Amino acid sequence: MKSLVYPPALKKGDTVAIVAMASKLDVSDLKSAIKLMENEWGVKVIIGESVSASYYGFAGTDDIRAADFQKALNNPDVKAIFSARGGYGSSRIIDKIDFTAFRQNPKWIVGFSDITVVHSHVQSLGFQSLHAPMPKTFKRDAFSVETLYAFLFGKSVNYQVKPNERNRMGTANGRITGGNLCLLAHVIGSESDINWDGAILFIEDVGEYLYNIDRMLIQLKRAGKLKNLSGLVIGSFTDSKENDEPFGKSIHEIVAEHTAEYSYPVCYDFPVGHDAINWSMACGRMASLVVGNEEVKLEFENFIA
C-alpha cells in the first residue's frame, strides 16, 4: 500500500478558491479567513458565486453549487479549493461533477463534515484531499488552521495526544481515510465508496442520537468496512443526544462493542471533528499510528513532490 497522488504543494502567490458545496452562509463569516490566507499565507483568494447564493437551506441551487465547484476544478490557476462550510448538500451535486480536468491538474480540496462525500470521491479517483477546517471555522482554533497550512504547503505533520484509558494499544500503518460517520455510511454502495482494507480510519459526528451512532456503526460493520482496518481513530462526537427513553451506552462503549472482535489499535478522543479543535488529516496519505500507554502518535508520510 502507498499514498494516493499528492496534489502540488502551495506556494506564496498561488491562487485558491472558496466555494460553497452545501449549506448557505453569511459571507461576512469568511472575512477573517480570507484576510489570513491573503496576508499570512500570501495566496490570492477567488470567491465563488455559490458563497453568496441562497436556495432554501442551500448555498444556491444544485446547479449553481455544482457549476461553481466545476469552475474551480477546471481553472488551472487554482491550486486549492476550500468549501466555505459544511451543512448538507455535497452528495446532491457530486455526480454532476466532471473530474477530467482535476485528474490532469490535481489540486487540494479542503473541508470536513458534509464534505466527507467529496473526500471519499476524490480518493476513489486516486488522489489525496484534506479533511480540515473550512474558512467559516478558521477562527475557532489557531493550531488547527496551522495544521492545514502545513499540509497545504508541503510541511511535515506529526501529532501526539494523551492516552485515553479506553484505548486499545497497538501499532498501525496504512492510508488515512474517514470523516463524518453519517456521510461515510451514506456513501456505501455509491460511486464515491472506497476500499478501507488496511486503512487507518477516523470518524467523528455532531448532533446525532446515540442509538443512531450505534446504527451507523452496525451499517459499517455489516458492509465489511470495519473488519480489515489497520487502525481506528475516534474523533469528537459533539452534542450527542439521548432519546426520551435513553439508549444508555456512551460513544466509547458503542465503538468498543462493535470492534471487540478485531485486534487493531483504537484511539479515543482524538481532536478531529466538529469541536473548536479540529486537526487536519490528509485523506489518502500513508501514516503510522502508535497507541501506547504514555501517548498516542499519529505520524504522516512526508510530502512527496
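Bear in mind the structure is a predicted one, so any value in this text is a computation, not a measurement.
Ser192 places a side-chain heavy atom less than 4.5 Å from the side chain of Ile94. A heavy-atom distance below 4.5 Å is not found between the side chains of Arg168 and Pro265. In this structure, the side chains of Met216 and Asp205 come closer than 4.5 Å at one or more pairs of heavy atoms. With contacts defined as side-chain heavy-atom distances shorter than 4.5 Å, the pair Ile46/Val19 does not qualify. Under the 4.5 Å side-chain criterion, counting only non-hydrogen atoms from C-beta, Phe69 is in contact with Leu73. For the pair Glu208 and Phe237, the minimum side-chain heavy-atom distance is 4.5 Å or more. Considering only heavy atoms from C-beta on, His186 stays 4.5 Å or farther from Thr116 through its side chain. The side-chain heavy atoms of Ile188 and Leu220, taken from C-beta on, include a pair separated by under 4.5 Å.
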Could you walk me through whether Phe99 and Phe127 satisfy the ring pair (Phe, Tyr, Trp, His ring centres under 6.0 Å) test, starting with their C-alpha distance in whole Å, then the side-chain angles of each, then the deciding distance to 0.1 Å, before giving a yes or no?
CA-CA 11 Å; Phe99 284 89; Phe127 297 88; 9.1 Å; no
Start with the C-alpha distance between Glu301 and Tyr6, add both sets of side-chain angles, then the distance that settles side chain to side chain donor-acceptor pair (under 3.5 Å), and finish with yes or no.
CA-CA 11 Å; Glu301 176 183 86; Tyr6 285 76; 2.4 Å; yes
Check the pair Lys162, Glu295 against salt bridge (Lys or Arg N to Asp or Glu O under 4.0 Å), reporting the backbone distance first and the verdict last.
CA-CA 5 Å; Lys162 294 179 180 179; Glu295 65 178 353; over 6 Å; no
Going through the checks in order, is the ring pair (Phe, Tyr, Trp, His ring centres under 6.0 Å) test met by Trp279 and Phe270?
CA-CA 9 Å; Trp279 293 356; Phe270 193 86; 5.7 Å; yes
Would Phe151 and Phe300 count as a ring pair (Phe, Tyr, Trp, His ring centres under 6.0 Å) if you check the C-alpha gap in whole Å, the side-chain angles of each, and the deciding distance to 0.1 Å?
CA-CA 10 Å; Phe151 277 124; Phe300 289 83; 5.0 Å; yes
Steps toward salt bridge (Lys or Arg N to Asp or Glu O under 4.0 Å) verdict (Lys225, Asp197):
CA-CA 7 Å; Lys225 295 293 190 178; Asp197 289 354; over 6 Å; no
Can Asp68 and Ser50 be said to form a side chain to side chain donor-acceptor pair (under 3.5 Å), step by step?
CA-CA 6 Å; Asp68 219 14; Ser50 57; 2.5 Å; yes
Asp275 and Thr238: side chain to side chain donor-acceptor pair (under 3.5 Å), yes or no, with the steps?
CA-CA 6 Å; Asp275 284 349; Thr238 310; 2.6 Å; yes
Check the pair Lys96, Asp63 against salt bridge (Lys or Arg N to Asp or Glu O under 4.0 Å), reporting the backbone distance first and the verdict last.
CA-CA 8 Å; Lys96 296 176 179 285; Asp63 287 343; 3.5 Å; yes
Derivation and outcome, side-chain contact (heavy atoms from CB on, under 4.5 Å), residues Lys221 and Ile218
CA-CA 5 Å; Lys221 190 171 186 178; Ile218 289 173; 5.5 Å; no
Decide side-chain contact (heavy atoms from CB on, under 4.5 Å) for Leu148 and Phe82; before the verdict, give the C-alpha distance in whole Å, the side-chain angles of both, and the deciding distance to 0.1 Å.
CA-CA 11 Å; Leu148 169 58; Phe82 296 79; 4.0 Å; yes
Residue pair Glu49, Arg65: steps toward the salt bridge (Lys or Arg N to Asp or Glu O under 4.0 Å) verdict:
CA-CA 8 Å; Glu49 175 188 356; Arg65 300 194 323 280; over 6 Å; no
Residues Val122, Phe102; criterion side-chain contact (heavy atoms from CB on, under 4.5 Å); working and verdict:
CA-CA 10 Å; Val122 168; Phe102 172 81; 4.0 Å; yes
Could you walk me through whether Ile304 and Asn302 pass the side-chain contact (heavy atoms from CB on, under 4.5 Å) test, one step at a time?
CA-CA 6 Å; Ile304 299 175; Asn302 288 335; over 6 Å; no
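For Ala80 against Lys107, the heavy-atom pair with the smallest separation is N-CB, 4.2 Å. The shortest non-hydrogen separation linking Ser236 to Gly273 is OG-CA, 3.5 Å. Residue Ser120 comes nearest to Ile194 through the heavy atom pair O-CG2, 3.4 Å, listed as atom of the first residue, atom of the second, then distance. Contact detail for Val118 and Ser90: the closest heavy-atom pair is CG2-CB, 4.1 Å. When all heavy atoms of Ala132 and Val110 are compared, the closest pair comes out as CB-CG1, 4.0 Å. Pairing each heavy atom of Val16 with each of Val43, the nearest pair is CG2-CG2, 4.0 Å.
Looking at residues two or more places apart in sequence or on another chain, you find a side-chain contact (heavy atoms from CB on, under 4.5 Å) between Thr171 and Asn173, Val290. Every side-chain contact (heavy atoms from CB on, under 4.5 Å) that Ser83 has, sequence neighbours left out, goes to Met21, Ile115, Met134. Qualifying side-chain contact (heavy atoms from CB on, under 4.5 Å) partners for Arg85, counting only residues two or more places apart in sequence or in other chains: Ser23, Leu25, Lys136.
Between the side chains of Ser113 and His274, at least one donor-acceptor pair of N or O atoms lies under 3.5 Å. No hydrogens or angles considered: nothing links the side chains of Asp77 and Thr15 as a donor-acceptor pair under 3.5 Å. Side-chain contact check for Gln123 and Thr177: at least one donor-acceptor pair (N or O, by modelled atom type) lies under 3.5 Å.
For the pair Glu299 (side chain) and Ala287 (backbone), a donor-acceptor distance under 3.5 Å is absent. Within the 3.5 Å criterion, the main-chain N or O of Arg175 finds no donor-acceptor partner in the side chain of Arg285. A donor-acceptor pair under 3.5 Å is formed between the side chain of Glu242 and the backbone N or O of Phe247. Put simply, the side chain of Gln128 gets close to the backbone of Leu4: a donor and an acceptor are under 3.5 Å apart. Judged by distance alone, with hydrogens and angles left aside, the side-chain atoms of His121 form no donor-acceptor pair with the main-chain N or O of Ser91 at under 3.5 Å. Distance alone, capped at 3.5 Å, is enough to place a donor-acceptor pair between the Asn167 side chain and the Tyr268 backbone. Using a distance-only test at 3.5 Å, with no hydrogens or angles considered, a donor-acceptor pair links the side chain of Ser144 to the main chain of Asn278. With hydrogens and angles ignored, the 3.5 Å screen pairs a side-chain donor or acceptor of Glu253 with a backbone N or O of Ser250. Without hydrogens or angle criteria, Trp108 side chain to Pro8 main chain gives a donor-acceptor distance under 3.5 Å. No donor-acceptor pair closer than 3.5 Å links the side chain of Ser124 to the backbone N or O of Asp193.
Surrounding OH of Tyr262 are more than 12 heavy atoms belonging to other residues, nucleotides or ligands, all under 6.0 Å away. Around the NZ atom of Lys44, the shell of radius 6.0 Å holds no more than 12 heavy atoms that belong to other residues, nucleotides or ligands. Taking a 6.0 Å sphere around NZ of Lys241, one finds it holds more than 12 heavy atoms contributed by other residues, nucleotides or ligands.
A cation-pi arrangement, defined by a distance under 6.0 Å to the six-membered ring centre and an angle within 45 degrees of its axis, is absent between Lys24 and Phe58.
By the 30° and 60° cut-offs, the orientation of the rings of Phe202 relative to His131 is perpendicular.
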